[in-house]
Amino acid sequence: EAQVTQNPRYLITVTGKKLTVTCSQNMNHEYMSWYRQDPGLGLRQIYYSMNVEVTDKGDVPEGYKVSRKEKRNFPLILESPSPNQTSLYFCASSSPDRGFLSYNSPLHFGNGTRLTVT
Amino acid sequence: SQQGEEDPQALSIQEGENATMNCSYKTSINNLQWYRQNSGRGLVHLILIRSNEREKHSGRLRVTLDTSKKSSSLLITASRAADTASYFCATALMDSNYQLIWGAGTKLIIKP
């Protein structure tokens, strides 16, 4: 089954304790992205990756790191989590339609990781 | 940066009625997409409409796009309890390098 898998589903941690949220897709998608979702703010993009070893900042990259060593995996790293990073996080992937200048393919989302930082 | 704004923020209707949600945006787009999110779960893609299209259908869903007014609407006909969810529009800007700009969503409740 084609899917985007995130782990863990729930995570409670303390300020400053490094953590990694994993994301893996089995659709051979080139494009992957991380979002955070907070009440009333919609989805805000953290980082995205156009392909292996190619990553770029989204709208809210501060306090986060990513890596794209393999096409299928795109982990999100919080080196020193803080309470303002308490949020619902989503990984998504797609294979952009190269016939157009911009984005014309739908995103496939994981089921989310609910992170609480105390 | 928030481009799309959904209206209304919340909508509660009886099962069987039609539900209409609107999305407005500010700058020129390549396409506009609608997604559904069931409580706390991942978003699911519903429909993508390109800037040169005016209307698209998928089952009970109908999406319209008016680029002159910079707005789109999502109509769900004959609503069902399973349609209860939040609905988001996302816009792909011209030359956006594959980034989508998201609205804050419309929360739809279908009463049995």
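A note on names: the letters A, B, ... follow the listed sequences, proteins ahead of strands, and every chain is numbered from 1.
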**Asked** With a 4.5 angstrom heavy-atom cut-off, which part of A/Leu88 approaches chain B: side chain, backbone, both or neither?
**Response** side chain
**Asked** Got a salt bridge between B/Asp66 and B/Arg54, using NZ or NE/NH1/NH2 to carboxylate O under 4.0 Å?
**Response** no
**Request:** Select one option (side chain, backbone, both, neither) describing which atoms of B/Gln37 are under 4.5 Å from chain A's heavy atoms.
**Result:** side chain
**Prompt:** Under a 4.5 Å heavy-atom cut-off, does chain B meet the side chain of A/Gln6, its backbone, both or neither?
**Reply:** neither
**Message:** Run the ring-ring contact (aromatic ring centres under 6.0 Å, His included) test on A/His108 and A/His29 for me, step by step, so that the C-alpha distance in whole Å, both residues' side-chain angles and the decisive distance to 0.1 Å come before the verdict.
**Reply:** CA-CA 10 Å; A/His108 299 258; A/His29 284 166; 5.1 Å; yes
Listing, residues 8-21 of chain A side-chain donor-acceptor contacts under 3.5 Å, not counting sequence neighbours, or none:
from    : atom 1 : to       : atom 2 : distance (Å)
A/Arg9  : NH1    : A/Asn111 : O      : 2.9
A/Arg9  : NH1    : A/Gly112 : O      : 3.1
A/Thr15 : OG1    : A/Thr118 : O      : 2.8

**Message:** What I want to find out is whether A/Lys65 reaches A/Glu79 closely enough, with some N-O distance under 4.0 Å, to be called a salt bridge.
**Reply:** yes
